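We use all heavy atoms of the structure for the numbers below, so side chains are in, but hydrogens, waters and symmetry mates are not. Note that this is a predicted model, so its numbers are computed, not measured. Within every chain, numbering begins at 1; the chains are lettered A, B, ... in the order of the sequence lines, protein sequences first and strands thereafter.
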Amino acid sequence: MPELPEVETIRRQLQQHYRGEQIHRLEVHTPTLLKNLSPEALVEAVTGKTIQNFRRRGKFLIFEIDHQQLVFHLGMSGIFVQDVHQSRYPRHIHLSFTFRSGKQLHYQDVRKFGGIWWYRTPHHFPELGMEPLSQNFTLNKFKKLLHLRRMNIKRLLMEQSIIAGIGNIYANEMLFQAGISPLRRSDTLSVDEVRRLHRAIQDVLKAAIERFGTTYSAYRTVEGQSGENQKFLKVYHQQGQPCPRCGKPIQKIVLNGRSTFYCPGCQK
DNA sequence: TCTGACCTGCGA
DNA sequence: TCGCAGGTCAGA
């Protein structure tokens with residue numbers, strides 16, 4: 001499921017509703033989702049502690065708990081729900097927090113592709129590349145990456161060790177906005193194309209965050225709402241529809257094993 | 001670089 | 001019943 005905009009939307013709402021909450025009880029219903037410690041050890045580690053902050057790095061969501069970190073990767077279908085009764089899939093709730101205030105928070109993941117880690121010291125995600133919405137992600141650095149890591153451009157956008165947070169929906173949309181074919185190799189882009197793509201990466205992500213992410217099936221915000229960005233997709237799942245820019249039909253192909261949508265008329 | 005595996009639900 | 005799905009990894 002969630003790419004950077006969905007994880008960021010979830011983070012913002014967790015911050016709004018759960019920052020400063022003290023953990024009264026933690027129940028682990030599915031131990032296999034814990035990747036680096038036992039359920040007993042996690043319960044012991046967090047009970048009585050307070051959540052200071054919620055952060056995001058790429059597609060990872062980080063609960064900061066007394067200078068230690070509980071890290072979630074939401075896989076394809078991970079979400080947080082405030083109330084079990086608002087969940088469509090109560091049997092897929094894997095972790096339940098009860099806070100001293102009486103509030104609850106549940107982690108649900110139908111397909112169980114996600115994972116949960118506990119770090120006693122701040123984890124800096126050495127495996128992840130640049131944050132595309134940070135000041136650090138400059139046009140110059142992006143240009144260098146495209147030449148250093150020569151590969152198919154869509155694959156590069158989705159390669160978490162190069163740029164962190166972009167998945168299949170947004171990679172398709174970014175390449176459309178920039179007018180670049182997903183079949184191109186990264187080191188063949190002109191100066192102007194690199195500039196357009198750098199711009200598109202930030203535009204597409206920011207717009208999707210403003211619209212609370214893209215809901216195709218399972219994704220809901222913490223408050224239980226669907227995202228709104230699906231109403232604004234130009235190419236993703238639009239095969240056969242006329243291109244909004246040139247009118248030619250949007251094509252669907254499989255590239256690097258993933259469904260890929262583009263306009264052969266205006267993405268060169 | 002590609003394919004299958006992980007897991008479940010949904011819609012054609 | 002089959003194909004597909006917002007992700008990632010291992011192995012050929």
Q. Looking for any heavy atom pair under 4.0 Å, which part of the strands does A/Gly167 touch: base, sugar-phosphate only, or nothing?
A. sugar-phosphate
Q) Counting just side-chain N and O atoms, does A/Lys112 come under 4.0 Å of either OP1 or OP2 of B/dC6? A) no
Q) What is the distance from CZ of A/Phe72 to C1' of C/dG7, rounded to the nearest Å? A) 17 Å
Q.
Expressed as a whole number of angstroms, how long is the span from A/Leu74:CG to B/dC7:P?
A. 18 Å
Q: Please report, rounded to the nearest Å, how far the P atom of B/dT1 is from the NZ atom of A/Lys154.
A: 15 Å
Q: Establish, with yes or no, whether the OP1 or OP2 oxygen of C/dG7 is under 4.0 angstrom from a side-chain nitrogen or oxygen of A/Arg258.
A: yes
Q: Check whether any side-chain N or O of A/Asn168 sits under 4.0 Å from OP1 or OP2 of C/dA5, and answer yes or no.
A: no
Q) Is A/Phe113 stacked on the base of C/dT8, with ring centres under 5.5 Å apart and planes under 30° apart? A) no
Q. Going by the angle between their ring planes, with limits at 30° and 60°, are A/Phe142 and A/His198 parallel, tilted or perpendicular?
A. tilted
Q) Would one find a side-chain N or O of A/Lys252 under 4.0 angstrom from OP1 or OP2 of C/dA5? A) yes
Q.
Is there a side-chain contact between A/Tyr89 and the phosphate of B/dC10, meaning an N or O under 4.0 Å from OP1 or OP2?
A. yes
Q: Have a look at A/Asp109 and say if it touches a base, only the backbone sugar-phosphate, or nothing, with a 4.0 Å heavy-atom cut-off.
A: nothing
Q: Return the value, rounded to whole Å, for the distance between atom CD of A/Gln230 and atom P of C/dA5.
A: 17 Å
Q. Which base, if any, makes a Watson-Crick or G-U wobble pair with B/dC7, both distances under 3.5 Å?
A. none
**Q.** Phosphate-side-chain proximity, A/Arg88 and B/dC10, N/O vs OP1/OP2 below 4.0 Å
**A.** yes
Q. Looking at the side chain of A/Arg155, which of C/dT8, B/dT1, C/dA5 is the nearest nucleotide?
A. B/dT1
**Q.** Nearest-Å distance for atom pair OH/P, residues A/Tyr219 and C/dG7
**A.** 14 Å
Q: Classify the ring geometry between A/Tyr18 and A/Phe99 as parallel (under 30°), tilted (30 to 60°) or perpendicular (over 60°).
A: tilted
Q: May I ask you to verify if any side-chain N or O of A/Ser259 is less than 4.0 angstrom from the OP1 or OP2 atom of C/dA5?
A: yes
**Q.** Interatomic spacing from CD1 in A/Ile162 to OG in A/Ser186 - rounded to 0.5 Å
**A.** 7.5 Å
Q: Write down the distance between CD1 (A/Ile79) and P (C/dA5), rounded to a whole number of angstrom.
A: 20 Å
Q) Between C/dA5, C/dT8, B/dT8, which one does the side chain of A/Tyr236 approach most closely? A) C/dA5
Q: Tell me whether the OP1 or OP2 atom of B/dC7 has a side-chain N or O from A/His92 closer than 4.0 Å.
A: no
Q.
Between C/dG3 and B/dT3, how many Å separate the two P atoms, rounded to a whole number?
A. 16 Å
Q. In terms of side-chain heavy atoms, does A/Thr260 have a donor or acceptor partner in A/Lys154 at a distance below 3.5 Å?
A. yes
Q: Could you point out which residue of A/Leu157, A/Thr214, A/Leu4 forms a side-chain contact (heavy atoms from CB on, under 4.5 Å) with A/Tyr170?
A: A/Thr214
Q. To the nearest angstrom, how far is A/Arg91 atom CZ from B/dC7 atom C1'?
A. 11 Å
Q: Report yes or no: is the cationic atom of A/Arg211 (NZ for Lys, CZ for Arg) closer than 6.0 Å to the six-membered ring centre of A/Phe232, at no more than 45° off its axis?
A: yes
Q.
Counting the atoms with a prime plus P, OP1 and OP2 as sugar-phosphate, which does A/Tyr170 contact under 4.0 Å by heavy atoms, base, sugar-phosphate, or nothing?
A. nothing
Q: Figure out the CZ/P separation between A/Arg57 and C/dG7, and round it to whole Å.
A: 17 Å
